[in-house]
Amino acid sequence: MYADGVGCVMKYHDQLGLSREEFEDIAEYFHDDSYEGWEYRHLSGYRKSVEKGTVLINDTVVRGFPKIPRSLVLDAGIPQQFDESIAIEEKLNGYNVRIARIDGEVFGFTRSGIICPFTTHKVRELLPVDRFFDRHPDRMLCGEMIGPENPYTVAECYDVDSIAFRAFDIREQVSGEPLAVEERREACAELGIPQAELFGVYTPEEAVASTPDIVRELDAEGREGIVMQTLSGTQQLKYTTSAANQGDLAFAFTFPFDYGRDFSFRRLIREGFQSVEFEESDAQRRERAHGLGESLLLPMVESIERIESGERIGEQHTVRAEPRVVDALLEHFRDQGLSISIEVDGQVEGERLLTFTKRIQRTNDKTEAYLDGTIVKE
Ligand code: ATP
Ligand code: MG
């Protein structure tokens with residue numbers, strides 16, 4: 001419940017800072033969902049005025065995580081975005097989770113505002129959630145779930161065996177207002193909540209000088225990039241490594257007919273600007289070109305060959321959890337209309353270790369059709 005101070009429950013539109021009419025205009029874009037008897041609504045796409053992933057549940061709001069703007073060049077982008085000191089933290093490649101406590105119950109919400117049973121279970125197990133919400137009753141804990149065993153992403157560059165959480169924000173649950181960076185880092189440290197690495201606090205000028213080296217080092221380890229923000233946490237900027245750009249391209253070209261062309265185009269362009277800003281030598285530029293070409297061609301060729309040999313390809317993930325949690329995840333995917341095939345199903349120390357594939361439709365169909373000789377007018 002979210003009371004307005006005189007004991008009555010505030011309407012959703014008030015909590016969202018919208019007029020009744022403005023709320024009615026976007027109300028139809030909220031999707032109904034439920035989780036273990038809890039009914040909620042979530043906004044899965046971008047709407048002006050309300051963040052994607054915003055959730056309405058039990059008369060309260062769980063504000064969506066804001067979109068972080070990006071710059072294609074550090075040198076001009078940083079002073080453009082900031083005129084005060086900024087904290088630079090690692091941008092981790094996993095999936096976004098907001099953890100909130102609603103009427104005594106802790107939930108893990110994915111980026112689009114869905115309560116994920118697997119994530120909810122993991123955050124309760126991995127983190128001192130009750131102590132966190134006792135200290136911060138009106139806040140939510142935002143972070144990235146990383147590691148190889150999760151149902152959504154596949155990055156393997158972290159020293160994590162199965163799955164782990166890294167905090168990067170503590171925000172007011174309803175308004176989404178962030179806690180200042182230093183306060184947030186202290187709050188997490190006190191509770192032993194693991195956090196995204198802090199590289200330091202810099203003036204914009206110092207950041208322009210230091211970020212290329214930070215990015216190069218992250219790149220060498222196959223890591224994703226950096227998030228810069230004012231110390232109040234209210235203004236942010238992100239920038240990614242070549243490894244992340246090419247990794248995303250390799251993923252997109254594993255399923256070339258399912259990933260939007262914008263997705264790939266944007267990542268190609270980032271590589272061009274980075275190559276120029278980093279003043280690469282001819283040899284370095286050729287190496288980048290080589291890497292870029294391989295990230296497009298090799299996964300695509302592998303997919304075509306697998307489909308040619310009669311396989312159906314899809315996105316493969318592995319999860320490890322108590323059997324009932326894995327069951328709940330599979331049921332959750334079924335409810336969402338995803339088609340899942342089980343690849344390996346085993347037990348390790350009382351936990352179920354499951355490898356499954358999310359069916360991808362268009363790439364299979366189109367590739368098969370082209371292999372069968374479909375003629376295209378292009
Ligand atoms: P969206 O902004 O909708 O999540 P996107 O896929 O374009 O879409 P990314 O480019 O991955 O987003 O960058 C934003 C995401 O980066 C955040 O949503 C968050 O999950 C993740 N992230 C990882 N590390 C950090 C960090 N240290 N600070 C903030 N965000 C981080
Ligand atoms: Mg991401």
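Order of listing sets the numbers, starting from 1, for every ligand and every atom in it.
Taking a cut-off of under 4.0 Å to the non-hydrogen atoms of Arg70, the atoms of ligand 1 that pass are 10 (O). Applying the 4.0 Å criterion to heavy atoms of Ala196 picks out, from ligand 1, the atoms 27 (N). Atoms of ligand 1 found under 4.0 Å from any heavy atom of Phe65 (numbered from 1 in listed order, with element): 17 (C), 18 (O).
Contact check for Val62 versus Arg98: side-chain heavy atoms found under the 4.5 Å cut-off. A 4.5 Å side-chain heavy-atom check between Ile342 and Thr355 finds every atom pair outside the cut-off.
Protein heavy atom in closest approach to atom 25 (C) of ligand 1: Phe168 CD2, 3.3 Å. Protein heavy atom in closest approach to atom 30 (N) of ligand 1: Ile68 CD1, 3.5 Å. Looking at atom 12 (O) of ligand 1, its nearest protein heavy atom turns out to be Lys238 NZ, 3.5 Å. Nearest protein heavy-atom contact of atom 17 (C) of ligand 1 is Asn96 ND2, 3.7 Å. At the top of the distance list for atom 15 (C) of ligand 1, counting protein heavy atoms only, stands Lys91 NZ, 3.9 Å. Ranking the protein heavy atoms by distance from atom 4 (O) of ligand 1 puts Arg111 NE, 2.7 Å first. Shortest contact from atom 24 (N) of ligand 1 to any protein heavy atom: Leu92 N, 2.9 Å. Of the protein's non-hydrogen atoms, the one nearest atom 19 (C) of ligand 1 is Glu144 OE1, 3.3 Å.
Without hydrogens or angle criteria, Arg139 side chain to Pro178 main chain gives no donor-acceptor distance under 3.5 Å.
For atom 6 (O) of ligand 1, no protein heavy-atom neighbour is present inside the 4.0 Å cut-off.
In this structure, Asp25 does not pair ionically with Arg47, as no charged nitrogen and carboxylate oxygen lie closer than 4.0 Å. Contact check on Asp134 versus Arg101 returns a salt bridge, with a Lys/Arg side-chain nitrogen under 4.0 Å from an Asp/Glu carboxylate oxygen. Looking at Arg171 and Glu177, no side-chain N of the basic residue comes within less than 4.0 Å of a carboxylate O on the acidic one, giving no salt bridge. The residues Glu271 and Arg288 are annotated as salt-bridged, a charged nitrogen and a carboxylate oxygen being separated by less than 4.0 angstrom. At a threshold of 4.0 Å, the pair Glu302-Arg306 counts as salt-bridged, since one of the basic side-chain nitrogens sits closer than that to a carboxylate oxygen.
Checked against a 3.5 angstrom limit, the closest N/O atoms of Glu224 and ligand 1 fall outside it. At a 3.5 angstrom cut-off on N or O pairs, Glu89 does not count as close to ligand 1. Where the criterion is an N or O separation shorter than 3.5 Å, residue side chain and backbone included, Lys67 meets it with respect to ligand 1.
Taking the six-membered ring where the residue is Trp, Phe251 and Phe255 present perpendicular rings, their angle passing 60° and hence far from 30°.
Not a single heavy atom of Gln229 sits under 4.0 Å from any atom of ligand 1. Using a non-hydrogen distance threshold of 4.0 Å, Tyr46 registers as a contact of ligand 1.
Between Glu322 and Glu351, the shortest heavy-atom distance links the atoms N-OE2, 4.0 Å.
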Intermediate values then yes/no, ring-ring contact (aromatic ring centres under 6.0 Å, His included), Phe257 and Tyr370: CA-CA 12 Å; Phe257 299 109; Tyr370 287 144; 5.7 Å; yes

